Amino acid sequence: MDQFTLNLIVVGATFALYFGIAIWARAGSTAEFYAAGGGVHPVLNGMATGADWMSAASFISMAGIIAFGGYDTSAYLMGWTGGYVLLAMLLAPYLRKFGKFTVPEFIGDRFYSGTARVIAVIALLIISITYVIGQMSGVGVAFSRFLEVKASTGLYIGAAIVFAYAVLGGMKGITYTQVAQYVVLIIAYTIPAIFISLNLTGNPIPPLGLFSDATATGTPLLETLNGLLADLGFKSYTAQSDNTLNLFLFTVSLMIGTAGLPHVIVRFFTVPKVADARSSAGWALVFIALLYLTAPAVAAMARVNLINTFFPNGPQNAPLAMADTPEWVDNWTKTGLLKVTDLNGDGMIQYYNDGATKQATALADAKKAGDEAAIAAAQAAFDEAAAAGAAKLAATNPQAASWKGNELTVNNDIMVLANPEIARLPSWVIALVAAGGLAAALSTAAGLLMAISSAVSHDLIKGQINPSISEKGELMAARISMAVAIGVATWLGLNPPGFAAQTVALAFGLAASSIFPALMMGIFSKKVNSTGAIAGMLAGLIATVVYIFLHKGWFFVASTASFSDSAPLFLGIKSTAFGAVGALINFAVAFTVTAMTRPVPANVVSLVESIRVPKGAGAATGH
C-alpha cells in the first residue's frame, strides 16, 4: 500500500472517531455547551486538558524550533510546564470555587464592573485569535503533507473540519473528543521517538537516549551534534547565545501566560468539585510530561538525522547530490515548506550557515518589488556574505570554496512530521504521526474557539447587551461567533507572524500582561478595586500589543514593522518576551490607581474571602 493511501486510512479513521464522539456528546444546553455539564471525571479532564494544551505548537512546532534553536529555545519547555504548576497551585481551585462559566465572568463579578468584564472579553478575543492563528498554521502544515497539497489548501481543509465538530458539540463534545485526541497524539509522538532513539543511541527511552552515546561515533549524542554543527558553521546546540534578560523574561512570560490562558482555565469548570480541579490539574501535568520529556530528544535527534541525510559521509566530504535526494525531500518540497535551490550549479545540496540570512531576505524583498537597481545591490551583498561564509568552512571541507550560499531551507514546523521519513521508519509510523499532528492542532483549536464563542455569547451578548436572551438564542450566538472566529483565524493563518510555536508565544505574552494579573489580584488581594483592575488590564494589554505590533507589523502585516526580534526596541527584549514586562505594568498601574480611588465594597471583600477557602463549591452557574 502506498504512503498516501495509508495516510488517508489512518487519519480518516481517527477523524471518524472524533466525529462520532462529537455527535454522541452533542451539547443540548448552555451548561453542556460551556462546561460539559460540570460532570467530567478528573482523570479524563486531565487528559482532555493535556490535549487542549499540547497544541500544534507543542506537537508540531516545539521540537522543530528547539532543533534549530538549541539551548536558547529550551525556555519553551521550562515556561510551558512551569506555568501549569502555577495554574494548579494559584488559580484552578479558586476559580472552580467561584463557580462561573468563564474568566471574564469572574473578573466582572470580582471587580463589580461590566466594563471590567468587557475588557476581559476583548483581551480574551485578542489572546485566543492570536493563539488559534498558530494552530491553524499547524493544521495547514499537517494537512499539506499527508494530502500532498499546498499548505494554504491544507489550512482550508482543516478549518472546515474544525468548524464541523467544534460548532456541533460545544465543551461537552470537545472534552470527550480531546480525550481521544490525546491518546492518538501521545502514541504518535512517542513511537517514532523510541524507534529513532534506538537507532541513534541504542536506548529505547528517548529522554535517556538524549544523554547517551551516539552509536555511530561513540561520543555523547549532544557532543556529536555540536561537532556536526561546528563543521557547518552553525552555533553550538548546547551554548547560550540569547540575551540573559530576554531569556529570563521569555520564560516568565510563558509561565504566567500559561496560568492566564482562558481556554485552559475554563477546563477546570467542567469537573464536579473543587478537589477535582486540583486533581485534574495534577493529572494534566502527568499527561503533558509524557510529551515534554520526549520533545528535547526528538529535537536533537531530528537535527542529527537531517545533517546526516545531506552529508551522508560527514560534513568534511561532498554533500548529497540533487539526483540522490530521498523521497521525503520531494514530498515536502511540494508543500512549499522545504526548498532546495542549486545556487552554484554543481548538482549537490549545500546545507550550511552561509551567514547571509539578512542579505537573502533583502534580495527576496527587492525581487518582489521589481527594482532592478535594488536587486543588483542586494545580489552583490548576498554573494559577498555567502563567499565569506564558505571561506570559513573551506579549511575543513575543500568543496566549500565553490559554495555560493545555503541551498536548503527547512521550515521548523515540518521537523516532527518529517522526522519518521528522515529516519526511514515504516510507513504506518509516518501515517500515525500525521494523525497525531492533526489531533494536536485540532484539539487546541477547538478549545480556543470554545473560549471565543463563550466570551462573545455569554459574557458580551447575554452579560452586557441582551440579558434576557433565551438559552436557544445564546447557543446560536455561540455557534455563529465560533464560525466567524474560524474564518478570521484561517485568513490570518495564511500569513502567520512566525512559526507555530512563536505565534503561540505571542498569545502567551498577551495573556501574561492582561488576564493573569487580574486573576491574581482578584483572588489574593482584597484591596484592588474595579478602577484599578480596569486601568491595569488596559495598560498591560495595550503596552504588549503595541510592542508586538512594532516588531511583527501592525495587525501582523510584516511590512509595517518598525523593529525586529533580531534588533528589538528595548533592552534586547523580543516581542515574545514582553508579556512579563506587560504584567509588571498591569500590577503597578492597578495598585497605583486603586490607592487613589474608592475602596472595595464590603460585599466584594467577603466574596474574595470566600473564594480563598476552596471548599464547598457547587455546580458551575451562569444564570
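Computed from a predicted structure; not experimentally measured.
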Closer than 3.5 angstrom, by distance alone: can the side chain of [X] be matched with the main-chain N or O of [Y] as a donor-acceptor pair?
X      : Y      : value
Asn45  : Ser280 : no
Ser610 : Ser606 : no
Ser74  : Gly70  : no
His551 : Val546 : no
Ser562 : Leu550 : no
Asn246 : Lys574 : yes
Tyr182 : Phe287 : yes

Is there side-chain contact between [X] and [Y], with heavy atoms separated by less than 4.5 Å?
X      : Y      : answer
Ser253 : Thr576 : no
Leu291 : Leu185 : yes
Ile611 : Phe106 : yes
Leu510 : Ile515 : no
Leu519 : Tyr94  : no
Ser525 : Phe591 : yes
Ile461 : Ile469 : yes
Leu91  : Met520 : yes

Minimum-distance pair of heavy atoms, taken over all atoms of [X] and [Y]:
X      : Y      : answer
Ala580 : Ile256 : CA-CD1, 4.5 Å
Val589 : Ala539 : CG2-CB, 3.8 Å
Val179 : Leu44  : CG2-O, 3.6 Å
Ala518 : Ile107 : CB-CD1, 4.0 Å
Gly436 : Ala188 : CA-CB, 3.6 Å
Ile486 : Ala159 : CG2-O, 3.9 Å

| What salt bridge (charged side-chain N to carboxylate O under 4.0 Å, His left out) pairs are there with at least one residue in residues 517-532, not counting sequence neighbours? | Lys526-Glu609
| message | With a sphere of 6.0 Å drawn around CZ of Phe549, does it hold more than 12 non-hydrogen atoms of other residues, nucleotides or ligands? | response | yes
| said: side chain to side chain contact (heavy atoms under 4.5 Å, CB included), that's the test. Do Phe578 and Ile548 meet it? Break it down for me. | reply: CA-CA 8 Å; Phe578 195 78; Ile548 288 173; 5.8 Å; no
Going from [atom1] on [X] to [atom2] on [Y], what distance comes out if it is rounded to the nearest 0.5 angstrom?
X      : Y      : atom1 : atom2 : value
Ile187 : Leu290 : CD1   : CG    : 11.0 Å
Leu249 : Asn243 : CG    : CG    : 8.5 Å
Arg117 : Thr115 : CZ    : OG1   : 12.0 Å
Asn603 : Tyr112 : CG    : OH    : 9.0 Å
Asn586 : Leu538 : CG    : CG    : 9.0 Å
Thr544 : Ile127 : OG1   : CD1   : 10.0 Å

| task | May I have the step-by-step check of ring-ring contact (aromatic ring centres under 6.0 Å, His included) for Tyr547 and Phe570, ending in yes or no? | result | CA-CA 9 Å; Tyr547 198 85; Phe570 180 63; 7.3 Å; no
| said: Evaluate Leu506 against Ser575 for side chain to side chain contact (heavy atoms under 4.5 Å, CB included), listing each step before the verdict. | reply: CA-CA 7 Å; Leu506 296 175; Ser575 59; 3.7 Å; yes
| message | Tell me whether the rings of Phe587 and Phe516 are parallel (<30°), tilted (30 to 60°) or perpendicular (>60°). | response | perpendicular
| said: Below 30° counts as parallel, above 60° as perpendicular, anything between as tilted: where do the rings of Trp80 and Phe508 land? | reply: tilted
| message | Salt bridge or not between Asp565 and Lys552? Use side-chain N to carboxylate O under 4.0 Å. | response | yes
| query | When Thr597 is tested against each of Asn529, Thr592, Thr531 for side-chain hydrogen bond (donor to acceptor under 3.5 Å, both in side chains), which residue passes? | reply |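 That would be Asn529; it is the only one of Asn529, Thr592, Thr531 passing the side-chain hydrogen bond (donor to acceptor under 3.5 Å, both in side chains) with Thr597.
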| Modelled atom types, side-chain donor and acceptor of Ser113 and Ser530, under 3.5 Å | no
| said: Could you tell me if Ser468 and Asn466 have a donor-acceptor pair between their side chains, going purely by distance under 3.5 Å? | reply: yes
| said: Walk me through whether Val456 and Leu125 qualify under side chain to side chain contact (heavy atoms under 4.5 Å, CB included). | reply: CA-CA 9 Å; Val456 172; Leu125 292 175; 4.0 Å; yes
| query | For Val416 and Met62, what are the C-alpha separation, side-chain angles and deciding distance, and is it a side chain to side chain contact (heavy atoms under 4.5 Å, CB included)? | reply | CA-CA 9 Å; Val416 169; Met62 184 173 64; over 6 Å; no
